[in-house]
Amino acid sequence: MTTDPRPEGRVLDAGALRALAHPLRVRLYDLLSQYGPQTASGLASLTGESTGATSYHLRALARQDLIREVPGRGTARERWWERPAGAVTLVNPEMASTPTGRAVMEAVHSETLTLRQQQLMTFVTHGWDEDEQWLDKSLISTASARLTVAQMAELADRLQAVISETVSRYRDQTGEGLRVVTMRADVFPLPAEGPTS
């Protein structure tokens, strides 16, 4: 069976993107994506927000089918929420054609990348406190090369294929010695005119 190395996934519509265009909602969505099912009270303790605030924002995400209740888990008082598996695309071509649509997509992208950068900086700052085997096997790499658009696309496809295969293979793995590991691949052209200073 062959699979597209860069699966398109669900292209978020205007309603879903607008629902995500809030810092706490992006954070909740991210936590559910990375750590799996959580309750509103559990997410409140992870974010420092009130349970009322997390409940409200979880319901807003659920209305857009970004998250869902975990079937058969929880009680009437304590609901468990999860992010459905699968890729999500934050770029909606229809929305990109209007200034308002672009602003919504930029807000979601900005908040998502801010969270990723905060995670990276936390690791850089506190990684030395980690178990040495986790630290030794971590990778932060930056390189540059002169590429054509086709070569850049090939590189992006190869990196995404490795990430997709790893996620597909290990997403639901259980057992001893496991931790959530974030994977990030940044491949993009730098400004043609070079840095501005």
Side-chain angles (χ1 to χ4, degrees), residues 3-96 100-120 122-123 160 163-175 178-186:
T3 59
D4 181 353
R6 281 204 284 180
E8 183 177 273
R10 176 184 172 192
V11 177
L12 297 186
D13 62 19
L17 283 165
R18 284 190 183 95
L20 268 178
H22 184 285
L24 181 55
R25 290 180 192 167
V26 170
R27 179 83 172 115
L28 296 173
Y29 189 73
D30 212 39
L31 287 166
L32 291 171
S33 296
Q34 292 177 329
Y35 293 99
Q38 303 284 327
T39 63
S41 58
L43 289 165
S45 69
L46 290 171
T47 60
E49 298 288 335
S50 70
T51 301
T54 56
S55 292
Y56 172 80
H57 291 294
L58 286 166
R59 288 191 304 273
L61 293 171
R63 279 193 294 276
Q64 297 299 323
D65 296 322
L66 290 163
I67 64 169
R68 64 184 177 208
E69 272 193 77
V70 178
R73 190 167 180 187
T75 65
R77 291 191 50 154
E78 190 79 290
R79 299 158 87 182
W80 284 81
W81 298 94
E82 69 181 354
R83 178 197 176 279
V88 172
T89 300
L90 300 177
V91 176
N92 180 315
E94 288 179 24
M95 290 187 70
T100 303
R102 281 193 303 277
V104 169
M105 287 190 304
E106 287 170 14
V108 175
H109 273 106
S110 177
E111 193 59 35
T112 300
L113 293 173
T114 296
L115 288 172
R116 295 288 181 275
Q117 188 63 20
Q118 287 170 348
Q119 289 175 329
L120 177 60
T122 298
F123 176 74
Q160 186 60 54
I163 291 170
S164 294
E165 188 272 331
T166 302
V167 169
S168 176
R169 190 174 190 185
Y170 298 114
R171 176 186 299 279
D172 299 320
Q173 182 174 221
T174 59
L178 299 175
R179 290 181 60 177
V180 175
V181 173
T182 188
M183 292 164 272
R184 209 172 131 159
D186 299 326

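The model shown is predicted, which means the values in this text are computed figures rather than measured ones.
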May I ask you to test the [X]-[Y] pair for a side-chain heavy-atom distance under 4.5 Å?
{"X": "Val91", "Y": "Val11", "value": "no"}
{"X": "Leu66", "Y": "Leu12", "value": "yes"}
{"X": "Leu31", "Y": "Gln38", "value": "no"}
{"X": "Tyr29", "Y": "Val88", "value": "yes"}
{"X": "Pro71", "Y": "Glu82", "value": "yes"}
{"X": "Glu69", "Y": "Trp80", "value": "no"}

- Item | Pairs satisfying side chain to side chain donor-acceptor pair (under 3.5 Å), at least one member in residues 48-65, at least two apart | Arg25-His57
At their closest point, which heavy atom of [X] faces which heavy atom of [Y], and how far apart are they?
{"X": "Leu17", "Y": "Leu90", "value": "CD2-O, 3.7 Å"}
{"X": "Leu43", "Y": "Leu32", "value": "CD1-CD2, 4.3 Å"}
{"X": "Ile163", "Y": "Ala185", "value": "CD1-CB, 3.7 Å"}
{"X": "Met95", "Y": "Ala14", "value": "SD-CA, 3.3 Å"}
{"X": "Arg171", "Y": "Gly86", "value": "NH2-N, 4.4 Å"}
{"X": "Trp81", "Y": "Ala62", "value": "CZ3-CB, 3.5 Å"}

To the nearest 0.5 Å, how far apart are [atom1] in [X] and [atom2] in [Y]?
{"X": "Arg79", "Y": "Arg68", "atom1": "CZ", "atom2": "CZ", "value": "14.5 Å"}
{"X": "Gln173", "Y": "Leu178", "atom1": "CD", "atom2": "CG", "value": "4.5 Å"}
{"X": "Leu24", "Y": "Thr47", "atom1": "CG", "atom2": "OG1", "value": "5.5 Å"}
{"X": "Phe123", "Y": "Thr182", "atom1": "CZ", "atom2": "OG1", "value": "11.5 Å"}

Pair up each side-chain donor or acceptor in residues 103-115 with any protein partner under 3.5 Å, not counting sequence neighbours, and list the distances.
residue : atom : partner : partner atom : Å
His109  : ND1  : Met105  : O            : 3.1
Thr112  : OG1  : Val108  : O            : 2.8
Thr114  : OG1  : Ser110  : O            : 2.7

- Query: Near Arg169 CZ, under 6.0 Å, is it more than 12 heavy atoms from other residues, nucleotides or ligands?
  - Reply: no
- Heavy-atom neighbours of Glu94 CD exceed 12 at 6.0 Å: no
- Task: Using a strict 4.0 Å threshold on nitrogen-to-oxygen distance, state whether Asp30 and Arg83 make a salt bridge.
- Result: no
